[in-house]
Number of protein chains: 2
Amino acid sequence: MGQHDHHEHHGDSLADAAQANLEKSGEKWTDTRAAIFDTLAGFSRPASAYDIAELVSTARGKRVAPNSVYRILDLFVANNLAMRVESANAYLANSHPGCEHDCIFLVCDTCGEATHVDDDSLSQQVRKVATAEGFKSIRPVIEVRGICQKCN
Amino acid sequence: MGQHDHHEHHGDSLADAAQANLEKSGEKWTDTRAAIFDTLAGFSRPASAYDIAELVSTARGKRVAPNSVYRILDLFVANNLAMRVESANAYLANSHPGCEHDCIFLVCDTCGEATHVDDDSLSQQVRKVATAEGFKSIRPVIEVRGICQKCN
DNA sequence: CGTGTTAAGATACAACATATCATTTTTGAA
DNA sequence: TTCAAAAATGATATGTTGTATCTTAACACG
């Protein structure tokens with residue numbers, strides 16, 4: 001189905017991979033960025049910028065303002081370390097940074113968990129539809145809201 | 001490509017069709033609902049609830065509170081008279097009420113215009129991916145952000 | 001009529017996001 | 001090494017989107 005193998009990272013390994021990717025783009029892996037990445041990666045469901053701000057502030061005993069979190073999340077998204085789930089106004093860490101994909105998010109309306117699937121053939125079709133309408137600089141947003149298996 | 005013909009409605013004809021559909025579900029076509037529908041249909045791009053509240057308030061010389069607008073928009077979405085564009089936090093009137101489709105929205109990041117495409121084969125594939133993951137009560141969100149032909 | 005139901009209004013607040021300017025930290029050249 | 005420029009973060013304010021709660025108004029029907 002157009003999928004391929006990924007290197008799924010976890011814990012420190014994931015943070016290391018994220019750091020490597022960010023630095024490869026000439027960006028710095030600062031303490032604040034590391035803390036925000038770790039916190040985001042620690043969530044099992046999409047986290048809002050305010051969720052992250054609160055947790056990071058507590059963890060570091062020092063306030064991190066929401067706007068700083070947004071700045072850093074934007075940087076992460078631009079560098080594929082994280083993705084934004086539009087229908088949830090929230091963010092997820094990318095568990096395989098380095099792989100560029102149009103993701104499909106499946107978001108459970110009951111428990112809030114989001115799983116993420118890659119199906120390149122599907123996303124290519126979406127891109128094709130948009131291209132046929134004359135769109136450029138295409139960024140597909142493919143999400144599914146519903147009730148997940150566990151909540152059924 | 002899995003599309004089919006639609007009855008595209010305009011102006012009064014569209015409002016009439018919307019009214020018919022809503023009443024078919026046992027809901028009433030009140031003055032407030034009519035005003036909100038007309039205002040929404042008058043927008044050429046996705047309109048926020050606050051946009052609508054402001055215009056309707058002016059048009060009727062009587063304040064309509066945002067929460068009332070949200071209530072009525074929710075009703076419209078539930079009855080397929082309108083759709084929510086998740087990536088824009090905004091709403092569009094459905095120009096062919098009665099047809100049940102999973103829509104694909106193409107939203108221009110420059111001018112804000114949104115065009116809407118139906119491709120049942122594509123949306124069926126999205127549903128299939130979610131079903132394969134054990135999801136139920138599926139509601140696909142398929143949108144594309146980009147730059148439209150006119151803005152290129 | 002009066003009474004129960006549905007629709008809409010008033011108000012307050014919660015949640016999400018950005019704009020602006022100040023401060024701190026880092027960097028790199030003199 | 002020190003100083004100036006640039007980059008990162010912080011403080012603060014405000015704008016935007018969305019919901020909760022309670023009240024009032026409109027309506028339907030015995």
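The sequence lines fix the lettering, A, B, ..., with proteins before strands; numbering per chain opens at 1.
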Student: Can you tell me the distance, in whole Å, between the CZ atom of F76(A) and the C1' atom of dA8(D)?
Tutor: 13 Å

Student: Measure CH2/W29(A) against C1'/dT9(D) and give the value in whole Å, please.
Tutor: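 The distance from CH2 of W29(A) to C1' of dT9(D) comes to 16 Å, rounded to the nearest Å.
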
Student: In this structure, how many angstroms lie between the P atom of dT16(D) and the OH atom of Y91(B), rounded?
Tutor: 17 Å

Student: Phosphate oxygens OP1/OP2 of dT17(D): is one of them under 4.0 Å from a side-chain N or O of R84(B)?
Tutor: no

Student: Assess the residue pair I52(B) and I72(B) against the criterion (side chain to side chain contact (heavy atoms under 4.5 Å, CB included)); give the C-alpha distance rounded to whole Å, side-chain angles, the decisive distance to 0.1 Å, and a yes or no.
Tutor: CA-CA 11 Å; I52(B) 294 167; I72(B) 289 171; over 6 Å; no

Student: Is there, by distance only and without an angle test, a donor paired with an acceptor across the side chain of Y50(A) and the base of dA17(C) below 3.5 Å?
Tutor: yes

Student: With a 3.5 Å cut-off and heavy atoms only, can you find an N or O donor on one side and an acceptor on the other between the side chain of R71(B) and the base of dG18(D)?
Tutor: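 Under the 3.5 Å cut-off, the side chain and the base do not form any donor-acceptor pair.
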
Student: So, are R145(A) and E86(B) salt-bridged, with charged N and O less than 4.0 Å apart?
Tutor: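 A salt bridge is absent here (no side-chain N lies under 4.0 Å from a carboxylate O).
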
Student: Please determine whether a side-chain nitrogen or oxygen atom of T32(B) lies at a distance below 4.0 Å from atom OP1 or OP2 of dA8(C).
Tutor: yes

Student: Using modelled atom types and a 3.5 Å cut-off, is there a donor and acceptor pairing between side-chain atoms of S123(A) and backbone atoms of D120(A)?
Tutor: yes

Student: Here's a test of your reading of the structure: between A88(A) and T30(B), which maps to the more 5' nucleotide of DNA chain C?
Tutor: T30(B)

Student: For A65(A) and for P66(B), locate the closest nucleotide of DNA chain D by heavy-atom distance; then report the residue assigned to the nucleotide nearer the 5' terminus.
Tutor: A65(A)

Student: Hey, does R63(A) reach any base, or is it just sugar-phosphate, or nothing, if we go heavy atoms under 4.0 Å?
Tutor: base

Student: Among dC16(C), dG9(C), dT20(C), find the nucleotide with the atom closest to the side chain of N67(A).
Tutor: dT20(C)

Student: To the nearest Å, give me how far apart CZ (F37(B)) and P (dA7(C)) are.
Tutor: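 That distance rounds to 18 Å.
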
Student: Hey, are E27(B) and R33(B) close enough for a salt bridge, meaning a charged N less than 4.0 Å from a carboxylate O?
Tutor: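 Salt bridge flag = yes for R33(B) with E27(B).
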
Student: Expressed as a whole number of angstroms, how long is the span from N89(A):CG to dG18(D):C1'?
Tutor: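 So the CG-C1' distance, N89(A) to dG18(D), works out to 10 Å.
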
Student: Using whole Å, report how far CD1 of I36(A) lies from P of dT9(D).
Tutor: 8 Å

Student: Rounded to the nearest 0.5 Å, what separation is found between the NE2 atom of H101(B) and the CE atom of M83(B)?
Tutor: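 CE of M83(B) is found 9.5 Å from NE2 of H101(B).
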
Student: Output the rounded distance in Å from NZ (K28(B)) to C1' (dA25(D)).
Tutor: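 To the nearest whole Å, that distance equals 13 Å.
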
Student: Have a look at S68(B) and say if it touches a base, only the backbone sugar-phosphate, or nothing, with a 4.0 Å heavy-atom cut-off.
Tutor: base

Student: Tell me the interatomic distance from Y70(A), atom OH, to dA11(D), atom P, rounded to whole angstroms.
Tutor: 18 Å

